[in-house]
Amino acid sequence: MDNSMSHTLDELNTEDLLQGNAQVLHHFLSSLKSQSLRCACFLGIPAALHRLGGSATVAGLLDEIGLHPSKLPYLRRLMRALTVSGIFATAKQQYSPTMAEDATSIGETVYVLTPASRLLVGDRPSAAMSALLNPRPETGFAMFFKLEEWFRQDDGASGTLFKMAHGVTSPWDLAKEDSLYNRCLNEACVIDTSFVMDVALRGSGGDVFRGLTSLVDVGGGYGAAALAIAKAFPDVKCTVMDLEQVICEAPDDGLVQFVAGDMFEFVPPAQAALLKNVLDCWSDDDCVKILRQCKKAIPTRDAGGKVIIVNVAVGSGPNSIAVKEAQVLYDMYMMSIDGTEREEHEWRKIFLESGFSDYRIMPILGYQSIIEVFP
Ligand SMILES: C[S@@+](CC[C@H](N)C(=O)[O-])C[C@H]1O[C@@H](n2cnc3c(N)ncnc32)[C@H](O)[C@@H]1O
């Protein structure tokens with residue numbers, strides 16, 4: 001340690017020093033949170049807890065998921081870590097006539113599902129998990145091991161971190177060449193969108209779509225959002241527009257219309273254009289190009305024309321560490337493809353530059369918001 005550093009440390013009291021040390025270790029070990037969660041999902045722990053009536057001892061869990069008894073102490077440690085981070089909770093085993101385990105477990109610690117792990121029950125885990133469960137981990141977090149190398153590249157023309165890792169600029173370019181990746185990407189979007197639209201349409205978010213006559217879901221993937229809207233509001237004529245490689249695989253049940261195309265060149269006309277998790281994938285300049293195409297596709301504000309964006313508005317939403325960290329870490333993730341999670345002033349700038357006159361941010365989707373943008 002050089003002298004200047006020991007001098008800096010001398011200025012701190014013991015409590016601050018130890019707290020700082022714990023914080024650094026906590027950050028260093030945080031990747032293990034995702035990996036522990038990934039492991040628990042692949043082992044089927046949330047679903048097993050659900051099958052066991054919502055709670056189980058570690059022994060009951062081990063039995064249910066079919067692990068060798070020698071793994072019991074390790075499973076206990078995995079469950080403890082995921083409980084401290086809020087994925088599971090603990091309680092004491094109570095007597096119940098329908099107990100799956102024998103009565104000797106009464107009073108033992110049982111693990112129970114929390115709102116977070118309830119989202120992971122079943123074979124269609126929540127949105128974020130679908131990224132973690134990606135069968136090609138090298139297309140996910142692994143590329144971030146090269147982040148420092150990417151920062152140090154000084155030619156200004158090297159492109160995105162994604163390009164450095166995969167040789168192509170964006171996930172959509174990779175999806176063109178890799179059909180398994182294409183399917184996983186699109187299915188992950190369906191999982192997220194089905195969940196988010198369900199919540200949105202249940203609450204005040206539904207008002208955003210009420211009264212519309214038509215809507216085009218731009219970059220709409222397999223059409224999960226449009227489908228949810230068409231089911232909730234049968235009078236809204238819904239169209240999904242996406243790249244050819246996506247549209248040609250989209251399951252078509254006749255409720256919505258599918259159109260293949262490039263949103264930088266054309267957006268099919270409708271009263272409203274929906275952009276769900278699209279603009280955060282692009283730079284400001286590209287967003288302006290996309291929004292200008294959307295503006296051409298919709299009528300005036302008096303005729304009900306609007307763009308509806310579902311995305312993060314950094315700084316909006318519940319005031320919790322989980323939400324705040326999810327927003328800025330998501331931004332770091334999007335940085336790998338030159339996308340951005342934007343603060344309100346950054347959204348305003350691109351709306352005005354694209355020729356829109358007004359907007360309204362509704363922070364009603366947890367870490368995400370619905371933003372209405374008016375011509
Ligand atoms: C993150 S996904 C979001 C999908 C969908 N909106 C959702 O939330 O489920 C972004 C989508 O944009 C599509 N996309 C990318 N470039 C596009 C382009 N030039 N024109 C149309 N769609 C495009 C991708 O194929 C992908 O389906």
Side-chain angles (χ1 to χ4, degrees), residues 124 126-128 130-131 134 139-140 160 162 168-179 181-201 205 208-209 215-230 238-251 256-268 270 272-283 285-294 296-297 307-312 330-331 333-342 365-371:
R124 311 209 92 200
S126 85
S130 55
N134 180 352
T139 60
T160 60
F162 193 93
V168 291
T169 303
S170 78
W172 340 120
D173 296 328
L174 186 58
K176 237 183 271 173
E177 305 166 357
D178 181 335
S179 59
Y181 179 70
N182 183 37
R183 193 154 23 85
C184 289
L185 202 62
N186 296 324
E187 284 176 358
C189 289
V190 170
I191 293 166
D192 179 53
T193 300
S194 307
F195 169 74
V196 170
M197 292 309 292
D198 185 37
V199 176
L201 292 168
V208 170
F209 304 100
L215 172 138
V216 55
D217 186 2
V218 182
Y222 283 174
L227 200 60
I229 295 163
C238 292
T239 304
V240 179
M241 190 237 182
D242 207 297
L243 298 169
E244 173 65 33
Q245 76 223 26
V246 179
I247 295 297
C248 72
E249 287 194 345
V256 302
Q257 193 193 348
F258 287 92
V259 175
D262 181 348
M263 63 192 170
F264 286 94
E265 287 172 6
F266 175 71
V267 167
L274 173 67
L275 289 160
K276 182 187 166 292
N277 296 115
V278 170
L279 294 181
D280 61 339
C281 302
W282 300 95
S283 67
D285 287 349
D286 284 336
C287 284
V288 168
K289 288 179 196 154
I290 298 165
L291 282 166
R292 284 188 178 147
Q293 290 298 344
C294 290
K296 278 193 227 165
V307 174
I308 302 163
I309 295 170
V310 177
N311 251 157
V312 167
Y330 203 2
D331 177 57
Y333 195 73
M334 298 316 280
M335 196 162 92
S336 65
I337 57 167
D338 205 16
T340 308
E341 301 305 335
R342 298 178 167 84
L365 291 177
Y367 74 92
Q368 299 201 92
S369 293
I370 298 183
I371 311 175

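Read the numbers this way: they start at 1 and go in the same order the structure lists the ligands and their atoms.
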>> Ignoring hydrogens, what is the shortest heavy-atom contact between Ala250 and Phe258? Give both atom names and the distance.
In response: CB-CE2, 3.6 Å
Between ligand 1 and the protein, find all N/O pairs closer than 3.5 Å and give the distance for each.
residue	atom	partner	partner atom	Å
ligand 1	6 (N)	Gly219	O	2.7
ligand 1	6 (N)	Lys276	O	2.7
ligand 1	8 (O)	Thr193	OG1	3.2
ligand 1	8 (O)	Lys276	O	3.1
ligand 1	8 (O)	Lys276	NZ	2.9
ligand 1	9 (O)	Cys189	O	3.4
ligand 1	9 (O)	Thr193	OG1	2.5
ligand 1	19 (N)	Asp262	OD1	2.9
ligand 1	20 (N)	Met263	N	3.0
ligand 1	25 (O)	Asp242	OD1	2.7
ligand 1	27 (O)	Asp242	OD2	2.7

> Of Glu187, Glu249, Arg183, which is the lone residue that meets side chain to side chain donor-acceptor pair (under 3.5 Å) with Tyr222?
Replying inline: Glu249
>> Evaluate Met197 against Leu227 for side chain to side chain contact (heavy atoms under 4.5 Å, CB included), listing each step before the verdict.
In response: CA-CA 10 Å; Met197 292 309 292; Leu227 200 60; over 6 Å; no
>> Under the rule for side-chain hydrogen bond (donor to acceptor under 3.5 Å, both in side chains), what residues qualify as partners of Asp173, not counting sequence neighbours?
In response: Ser170
>> For Gln368, give me all partners under side-chain hydrogen bond (donor to acceptor under 3.5 Å, both in side chains), at least two apart in sequence or on another chain.
In response: Asn277
> What residues form a side chain to side chain contact (heavy atoms under 4.5 Å, CB included) with Ala175, not counting sequence neighbours?
Replying inline: Tyr181, Asn182, Leu185, Gln245
